[in-house]
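To start, the structure itself, in structure tokens.
A, B, ... follow the sequence lines: proteins, then strands. Residue 1 opens every chain.
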Number of protein chains: 2
Amino acid sequence: MITGKFAITTHILTLLAKFPDEYMASDYIAGSLNIHPVLVRKEIANLKKHHLVESKEGKNGGTKLIKPAAMISMEAIFNMTFEKMSFGFSKNDPNPECPVGKQINNNLTALYDDINIAIVNKLKSISLEEFSEQF
Amino acid sequence: MITGKFAITTHILTLLAKFPDEYMASDYIAGSLNIHPVLVRKEIANLKKHHLVESKEGKNGGTKLIKPAAMISMEAIFNMTFEKMSFGFSKNDPNPECPVGKQINNNLTALYDDINIAIVNKLKSISLEEFSEQF
DNA sequence: AAAACTGTAACAAATTTTATTATATATAGA
DNA sequence: TCTATATATAATAAAATTTGTTACAGTTTT
């Protein structure tokens, strides 16, 4: 997982929500984030895949939202930037001869699934519009 | 953050909960996890710092729980292995001249704090005993 | 005293994340 | 039509983080 993915995507969308009528250049966005423009474009590619933004190439080009910020929930951003939230797994496969080793990953997954439900319930209730109005 | 920390610590505690009367050696635990014993000892050092286990050095030594698994909540494990849950921040400091850049990290932090409350509420309700009974 | 442990620090290897470079393509406007 | 300014994306390099290993000192049992 790219650790900054949620934060970067949220930052991009907040900027776009602030200027919904402009095509905003990735260089400008990168300047606000202070990261490389290519990383911004990679996240924009993901946003496009999820039909939240469109881009225009060429001079005066850039990216803008294609749906109102009020219709975009933080849950959508979450789902777009994490496969799924997790507290992680140990890197190696645990010992299948051990009753605990054999099942630990299944049981952790079940726990993480429960936690995802709690997270998503919270995020559902917040729109990008609300989030960006804080700025 | 060590990505496998929660999983490793939970695995260790589950083993200890299964054999509450034995001192269990880090080599044995490492065999179940299939990781290096030194990593196990590092996590055990953390568990000791939080007064959940004690170790005995020397021959026949090892580690065991010092409180009943029913009295240890998954929340305690969570708090011990994460400073705090977060969906991450962009690596570089955002541009302070930009209204969004200036505030994004504060606003993300506030959002993450809300989510932590939801997570912790869920984890509070699950004890290590319940978790380890699944095995 | 020897064997079987824990406790740590220091270092190395592997993996993941982030940054950069390079190249192709599109569009606006002089 | 030419030039400047954009996007798009792949390939590679650099940096950071995580995991693994080694080494060695200390403890306890037999």
5' priority, DNA chain C, between B/G61 and A/N34 [closest heavy atom]: B/G61
Cluster overlap B/F135 with B/L128, hydrophobic side-chain contacts below 4.5 Å: yes
Atom-to-atom span, CD1 of A/I44 to P of D/dT9 - whole angstrom: 12 Å
Nearest non-hydrogen partners of A/S32 and B/G101, listed with the distance: OG-N, 3.9 Å
A/F89 CZ to C/dT15 C1', straight-line distance once rounded to whole Å: 18 Å
Validation row, ring centre B/F19 to ring centre B/Y28 under 6.0 Å: no
Whole angstrom value for the distance that separates P of D/dA6 from CD1 of A/I29: 12 Å
Presence of A/N60 side-chain N/O under 4.0 Å of D/dA4 phosphate oxygens OP1/OP2: no
Nearest-Å distance for atom pair CD/P, residues B/E22 and C/dT6: 13 Å
Linked, directly or transitively: A/L47 and A/Y23 (ILVMFWY side chains, under 4.5 Å): no
Under-4.0 Å side-chain N/O to phosphate OP1/OP2 contact, B/S55 with C/dT6: no
Toward the 5' end of DNA chain C, by each residue's nearest nucleotide, B/D27 or B/K91: B/D27
Interatomic distance, A/L39 CG vs D/dT7 P [rounded to whole Å]: 14 Å
Residue A/I35, side-chain atoms from C-beta onward, closest of C/dT8, C/dA19, C/dT25: C/dA19
Residue of the set B/I77, B/T81, B/L123 for which side-chain contact (heavy atoms from CB on, under 4.5 Å) holds with A/F87: B/L123
Whole-Å distance separating the NZ atom of A/K59 from the C1' atom of C/dA28: 6 Å
Sugar-phosphate, base or nothing in reach of B/T63, heavy atoms under 4.0 Å: nothing
Residue A/V38, side-chain heavy atoms: nucleotide from D/dA10, C/dA19, D/dA23 that is nearest: D/dA10
Rounded distance (Å) that lies between atom C1' of C/dA9 and atom CZ of B/R41: 13 Å
Touch class at under 4.0 angstrom, heavy-atom based, for B/K56 against every strand present: sugar-phosphate
Nearest-Å distance for atom pair NZ/P, residues A/K42 and D/dT12: 13 Å
